[in-house]
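Dumping the structure here so I can ask a few things about it.
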Amino acid sequence: ADIPVICIDGPTASGKGTLAAALAERLGYHVLDSGALYRVLALAAQRAGLATDEAALLDPEVAQRLGAMAAALPVRFDGGHLWLDDGDVTQAVRAEAVGMAASRISALPAVRTGLLALQRRFRRLPGLVADGRDMGTVVFPDAPLKVFLTASAATRARRRHEQLRARGENAMIDSLLADIEARDARDRSRAVAPLAMAEDALPLDNSDQSIEESVQTVLGWWQQRR
Ligand code: C5P
C-alpha cells in the first residue's frame with residue numbers, strides 16, 4: 001500500500017483515459033485503463049457465444065460463467081496494445097457496441113469481484129494512475145489522490161464523436177449523447193460499485209480545459225498530497 005496510486009474516476013467520455021495516460025507519462029507511472037478490462041470481457045463473452053443482453057444477464061448461470069471468465073481473463077497490455085489470448089483487440093474493444101455490452105456486464109457483482117485481483121496487480125512501483133468508475137471507491141480506496149473528472153454531456157458527446165470519426169466509425173451525435181446518458185444512468189444506479197464520487201475525491205470539471213491544463217491541475221494536487 002506504499003505504492004502510490006492516483007485514481008481518475010468519472011462518467012463516460014469525460015476524458016479520464018487521456019488524462020490518466022498523460023499523467024502516467026509525466027510521472028513515469030504505470031497506467032490502468034480499467035474500462036478496457038470490462039470491454040475485453042464483453043468481447044470474450046461475445047466470442048464464446050454468450051449473450052449479454054439484459055434478459056440473458058438475469059440468468060444466474062450466465063452471471064456465474066461471466067464471473068469465472070473475468071477471474072481468468074487472458075488479457076495483456078503491451079506497448080499501447082491490448083491482447084485477448086493471442087489476438088490484438090486494441091481496435092475491436094473500442095466499438096460502441098462493445099462499450100454498451102461492457103456497461104451491461106459490469107453491473108454483475110460476480111464480474112466486478114472477478115476483475116478485482118487483476119486490477120490490483122497493476123499497482124507496481126514506481127506508481128500507478130488508474131482510471132475508471134470505482135478506482136477510488138472500491139479498487140484502491142487507500143489511494144492518496146482521487147480525482148472525480150466530469151465534463152458537460154454536450155462536451156462528452158462531441159469528444160466521443162471525434163474519437164469515433166478519427167477511427168473511421170460513423171455515428172450521429174444525438175444518438176451518442178443518448179448512449180452516453182444511458183450508460184451513465186446505468187453506472188450510477190447499479191447496486192454494486194456504482195459510479196459515485198469518493199468522499200475524499202477532488203472534483204474536476206474539464207469542459208473548458210485543455211488536456212495540459214487538467215494535467216497541471218492534477219500534478220499540482222499530487223505535489224501537495226504525496
Ligand atoms: O471507460 P469505458 O467506457 O471504457 O468503460 C466501459 C464500461 O465499463 C463503462 O460503461 C462502465 O459501465 C464499465 N466500467 C466499470 N467500472 C470501471 C470501468 C468501467 O463499471 N472501473
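All ligand and atom numbering here is 1-based and tracks the order in the structure. The first residue of the sequence shown is numbered 1, and numbering continues consecutively from there.
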task: With Asp33 as reference, evaluate Arg94, Arg39, Arg133, Lys16 under the salt bridge (charged side-chain N to carboxylate O under 4.0 Å, His left out) test and give the passing residue.
output: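 Of all the options given, the one that passes is Arg94.
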
message: Quick check: Ser34 and ligand 1, any N/O pair under 3.5 Å apart?
response: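 Right, the criterion is met.
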
- prompt: In terms of side-chain geometry, is the basic nitrogen of Asp200 or Lys146 positioned less than 4.0 Å from the acidic oxygen of its partner?
  reply: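 Salt bridge present between Asp200 and Lys146.
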
query: What is the closest protein heavy atom to atom 5 (O) of ligand 1, and at what distance does it sit?
result: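 Atom 5 (O) of ligand 1 sits closest to the protein heavy atom Gly35 CA, 3.5 Å.
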
task: For Arg190, counting its heavy atoms only, list the atoms of ligand 1 lying under 4.0 Å from any of them.
output: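 Contacts of ligand 1 toward Arg190, numbered from 1: 12 (O), 15 (C), 16 (N), 20 (O).
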
- request: Give yes or no for whether the N/O distance cutoff of 3.5 Å, strictly under, is met between Ser106 and ligand 1.
  value: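 Ser106 vs ligand 1: N/O contact under 3.5 Å present.
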
task: Please report which non-hydrogen protein atom sits nearest to atom 9 (C) of ligand 1, along with the residue it belongs to and the distance in Å to one decimal place.
output: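 Ranked first by proximity to atom 9 (C) of ligand 1 is Arg133 NH2, 3.2 Å.
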
Arg188 and Glu181 ion-paired at < 4.0 Å: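 So Arg188 does not pair with Glu181 through a salt bridge.
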
- prompt: In the protein, what heavy atom is nearest to atom 16 (N) of ligand 1, and what distance, to one decimal place, separates them?
  reply: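 The protein heavy atom lying closest is Arg112 NH2, 2.9 Å.
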
Side chains of residues 104-114: which donor-acceptor pairs under 3.5 Å do they make with residues two or more places apart or in other chains?
unit_1	atom_1	unit_2	atom_2	d
Arg104	NE	Thr52	O	2.7
Ser106	OG	Ala102	O	3.4
Ser106	OG	Ser103	O	2.9
Ser106	OG	Arg190	NH1	3.1
Arg112	NH1	Ser106	O	2.8
Arg112	NH2	Tyr38	OH	3.2
Arg112	NH2	Asp134	OD1	3.4
Arg112	NH2	Asp134	OD2	2.9
Thr113	OG1	Pro109	O	2.9

Ligand 1 atoms in contact with Met135 (distance to a heavy atom under 4.0 Å):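 Contacts of ligand 1 toward Met135, numbered from 1: 21 (N).
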
message: Looking only at protein heavy atoms, which one is nearest to atom 8 (O) of ligand 1, and what is the separation?
response: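 For atom 8 (O) of ligand 1, the nearest protein heavy atom comes out as Tyr38 CB, 3.6 Å.
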
- request: State, with a plain yes or no, whether a side-chain heavy atom of Leu115 is found less than 4.5 Å away from one of Val139.
  value: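 Counting from C-beta outward, Leu115 and Val139 never come under 4.5 Å.
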
Charged N-O contact under 4.0 Å between Glu61 and Arg65: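 So Glu61 does not pair with Arg65 through a salt bridge.
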
message: Counting non-hydrogen protein atoms only, what is the nearest one to atom 12 (O) of ligand 1? Give residue, atom name and distance.
response: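 For this ligand atom, the closest protein heavy atom is Asp187 OD1, 2.6 Å.
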
query: Which residue supplies the protein heavy atom nearest to atom 10 (O) of ligand 1, what is that atom called, and how far is it?
result: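 So the nearest neighbour among protein heavy atoms is Arg183 CD, 2.8 Å.
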
- prompt: Got a salt bridge between Arg167 and Glu96, using NZ or NE/NH1/NH2 to carboxylate O under 4.0 Å?
  reply: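 Result for this pair is no, no salt bridge flagged.
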
task: Would you check whether Arg39 has a nitrogen or oxygen atom less than 3.5 angstrom from a nitrogen or oxygen atom of ligand 1?
output: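 Yes, there is a polar N/O contact under 3.5 Å.
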
message: For a salt bridge (charged side-chain N to carboxylate O under 4.0 Å, His left out) check, start with the C-alpha distance between Asp142 and Arg123, then their side-chain angles and the critical distance, and finish with the verdict.
response: CA-CA 12 Å; Asp142 65 332; Arg123 187 174 193 169; 3.1 Å; yes

